[in-house]
Amino acid sequence: MSDARYHLKYNMYDVRLITKLGIHFRKELWALGANISFPSLKLFGDGSVVKQYAYSNIHKETGNPEASSLLYGGRQQNCTSHFKDPLSVAAGANYYTSIG
């Protein structure tokens, strides 16, 4: 019987400065608004990912029992991670009916 295993381990912390500006205007039955979110700035932090995999009893050659009990495995450490927040712009309008 073949076996395959794949593990991911995350270890992260990230402190970022997020800036957002907005405006809201209301006149009688209309309300208008807009905001802009700027890309975030990293203050400090670190993140890493460890990937580990193992495959056993993989049949690579048909009819060869010696090749069927092999173990393939590996570990990849220090895979860095990066966090980003994009520039975002939004606008909207509301109309309030005078009914009710």
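Here the structure is a predicted model, which is why all the values come from computation and not from measurement. Just so you know, residue 1 is the first one in the sequence shown, and it goes up from there.
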- Can you name the side-chain contact (heavy atoms from CB on, under 4.5 Å) partners of Arg26, sequence neighbours left out? His24, Ala31, Tyr96
- In Å and rounded to the nearest 0.5 Å, what is the CZ to CD distance from Arg5 to Gln52? 10.0 Å
- Message: Would you say Leu29 ends up clustered with Leu32 if hydrophobic residues are merged whenever their side chains have heavy atoms under 4.5 Å apart, either directly or through other cluster members?
- Response: no
- Message: Can you confirm whether Ile36 sits close enough to Thr19 that some side-chain heavy atom of one is under 4.5 Å from a side-chain heavy atom of the other?
- Response: no
- Is any side-chain heavy atom of Lys42 closer than 4.5 Å to a side-chain heavy atom of Asp14? yes
- Query: Could you give the distance from CH2 (Trp30) to OH (Tyr95), rounded to the nearest 0.5 Å?
  - Reply: 7.0 Å
- Item | Min side-chain heavy-atom separation Arg16-Asp85 under 4.5 Å | yes
- Query: When rounded to the nearest 0.5 angstrom, what is the spacing between CD1 in Ile23 and CG in Asn35?
  - Reply: 11.0 Å
- Note on the structure: Correct closest heavy-atom pair for Phe38 and Leu87 would be CA-CD1, 4.0 Å
- Of all residues at least two apart in sequence or in a different chain, which pass the ring pair (Phe, Tyr, Trp, His ring centres under 6.0 Å) check with Phe25? none
- Message: Hydrophobic cluster membership, with links at side-chain heavy-atom distances under 4.5 Å among I/L/V/M/F/W/Y: are Leu17 and Phe44 in one?
- Response: yes
